[in-house]
Amino acid sequence: MMTNRSSSPNDHDDARPRGGELDGVNRGWLAALPVYNEVQYVDGVLDEVTRYASDVLVVNDGSSDGTAEVLDRRSDVRVVHHPVNRGYGAALMTAFEYAIAEGYEGIVTLDCDGQHQPKRIPEFIAAAKDVDIVSGSRYLKVYEGDSAPPEERMFINRRITRELNQRLGYELTDAFCGFKAYRTSALRRIEITDPGYAMPLQLWVEAAAADLRVVEIPVPLIYLDLERSFGGSLDHAETRLRYYHQVLDDAFASAAAAGRDFPARDAALCV
């Protein structure tokens with residue numbers, strides 16, 4: 001079960017149903033987007049997301065650029081407002097908690113900055129039929145029009161992905177892609193606590209410890225903002241790399257302290 005918050009999303013945040021209440025116990029799949037200061041993209045991205053997902057949740061993580069006001073004008077998505085910025089991982093934890101509490105079969109997460117194509121949401125849901133987590137990979141396939149990734153980001157991604165594979169027995173090609181599908185039954189079996197950008201690394205350790213079934217599927221490599229900030233000192237590549245290593249070490253230590261081991265990873269990942 002995810003642990004991070006002392007209360008549920010509805011206790012202190014502004015969680016507003018959009019587009020009417022849903023009927024039935026099994027409500028299918030939820031599309032969820034963490035959002036922080038994306039006023040220039042949010043409307044256009046959500047217009048596309050709502051074409052491919054009937055249920056959409058936006059977690060506004062303390063935006064201060066007008067994003068909150070844009071979201072409040074929409075009636076076709078559900079919104080949870082974090083009063084202050086808590087971090088990428090914290091926004092995803094809120095989405096996970098929401099999907100579990102509302103009885104969804106699964107949740108598809110994607111970013112709201114235009115890097116992920118909403119039209120691929122059905123592909124992720126279909127791929128999750130027989131696995132626990134479907135993770136997008138920007139390096140499984142070359143698409144026409146792919147962006148050239150910033151060199152330092154590519155270097156860090158490749159290094160961390162290689163280390164994860166060595167330590168967990170996975171065969172991942174992209175450790176950081178935020179375009180994913182999770183079955184809520186799998187989310188109940190893992191514990192995510194990291195509120196920041198390194199949350200995906202803790203996720204992989206938890207997934208391995210829980211012996212979750214994982215598959216990667218290809219997605220285009222799209223960068224619309226090459227100067228996007230990670231926040232403060234994390235904009236420095238070496239500082240960010242040390243931070244990622246610390247999160248990984250802490251995740252392994254936490255799993256060990258809880259008496260969790262890592263089952264044999266034979267055929268753990270099907271590409």
Side-chain angles (χ1 to χ4, degrees), residues 1-10 12-13 15 29-38 41-42 45-46 49 53 55-63 67 71 77-102 104-113 115-116 118 121 124-125 128 132-136 160 164 172 174-207 210 212 214 219 228 230-231 234 243-244 247-248 250-251 254:
M1 188 73 170
M2 267 65 57
T3 59
N4 171 36
R5 296 146 51 81
S6 60
S7 57
S8 69
N10 290 330
H12 300 294
D13 296 321
W29 284 75
L30 174 72
L33 301 88
V35 177
Y36 177 64
N37 288 350
E38 300 288 3
Y41 297 118
V42 64
V45 169
L46 289 176
V49 171
D55 296 351
V56 180
L57 173 72
V58 182
V59 181
N60 169 39
D61 191 34
S63 296
T67 295
L71 292 172
V77 301
R78 299 181 178 217
V79 180
V80 173
H81 290 291
H82 286 180
V84 297
N85 180 246
R86 299 181 185 174
Y88 174 75
L92 286 177
M93 281 184 269
T94 292
F96 294 162
E97 292 169 3
Y98 185 96
I100 291 172
E102 295 296 315
Y104 286 96
E105 178 182 353
I107 178 173
V108 177
T109 63
L110 63 162
D111 293 344
C112 199
D113 58 5
Q115 292 192 49
H116 301 151
I121 290 173
F124 276 79
I125 295 174
D132 298 303
I133 299 175
V134 179
S135 187
I160 293 295
L164 273 170
L172 297 169
D174 189 349
F176 287 96
C177 184
F179 207 165
K180 285 183 169 64
Y182 308 81
R183 302 192 74 84
T184 50
S185 58
L187 293 176
R188 293 177 183 274
R189 296 166 56 191
I190 62 178
E191 184 175 0
I192 302 299
T193 59
D194 190 276
Y197 280 113
M199 170 267 182
L201 307 185
Q202 185 186 39
L203 168 72
W204 291 124
V205 176
E206 286 289 309
L212 299 184
V214 176
V219 295
R228 179 174 293 274
F230 289 88
L234 292 183
Y243 163 58
Y244 291 156
V247 169
L248 273 178
D250 289 346
S254 178

(message) Tell me if a side-chain donor or acceptor on Arg183 pairs with a main-chain N or O of Ala128 at a distance below 3.5 Å.
(response)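 Side chain of Arg183 to backbone of Ala128, a donor-acceptor pair under 3.5 Å: yes, one is there.
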(message) Donor-acceptor pair, distance only, cut-off 3.5 Å: does the side chain of Asp111 make one with the backbone of Asp113?
(response)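 Absent.
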Could you report the tightest heavy-atom contact between [X] and [Y], atom names first, then the distance?
{"X": "His116", "Y": "Cys177", "answer": "NE2-SG, 4.2 Å"}
{"X": "Tyr104", "Y": "Tyr98", "answer": "CE1-CE2, 4.2 Å"}
{"X": "Thr94", "Y": "His82", "answer": "OG1-NE2, 2.8 Å"}
{"X": "Asp194", "Y": "Met93", "answer": "O-CE, 3.4 Å"}
{"X": "Glu191", "Y": "Glu206", "answer": "N-OE1, 2.8 Å"}
{"X": "Phe124", "Y": "Gly136", "answer": "CE2-N, 3.7 Å"}

(message) Using side chain to side chain contact (heavy atoms under 4.5 Å, CB included), reason through Phe96 and Thr184 one step at a time and then give a plain yes or no.
(response) CA-CA 8 Å; Phe96 294 162; Thr184 50; over 6 Å; no
(message) Between Asn85 and Asn37, is the side chain to side chain contact (heavy atoms under 4.5 Å, CB included) condition met? List the steps.
(response) CA-CA 10 Å; Asn85 180 246; Asn37 288 350; over 6 Å; no
4.5 Å side-chain heavy-atom contact, [X] and [Y]:
{"X": "Leu71", "Y": "Leu46", "result": "yes"}
{"X": "Val45", "Y": "Glu38", "result": "no"}
{"X": "Leu212", "Y": "Tyr182", "result": "no"}
{"X": "Val219", "Y": "Asp174", "result": "no"}

Find the distance between [atom1] ([X]) and [atom2] ([Y]) and round it off to the nearest 0.5 Å.
{"X": "Leu33", "Y": "Thr109", "atom1": "CG", "atom2": "OG1", "value": "8.5 Å"}
{"X": "Tyr243", "Y": "Tyr197", "atom1": "OH", "atom2": "OH", "value": "10.0 Å"}
{"X": "Leu57", "Y": "Leu30", "atom1": "CG", "atom2": "CG", "value": "5.5 Å"}
{"X": "Trp204", "Y": "Leu172", "atom1": "CH2", "atom2": "CG", "value": "5.0 Å"}
{"X": "Gln202", "Y": "Ile190", "atom1": "CD", "atom2": "CD1", "value": "8.5 Å"}
{"X": "Thr193", "Y": "Asp250", "atom1": "OG1", "atom2": "CG", "value": "8.5 Å"}

(request) List the steps and the verdict of side chain to side chain contact (heavy atoms under 4.5 Å, CB included) for Ile100 and Arg188. (result) CA-CA 8 Å; Ile100 291 172; Arg188 293 177 183 274; 3.3 Å; yes
(request) Could you walk me through whether Phe179 and Val134 pass side chain to side chain contact (heavy atoms under 4.5 Å, CB included), step by step? (result) CA-CA 9 Å; Phe179 207 165; Val134 179; over 6 Å; no
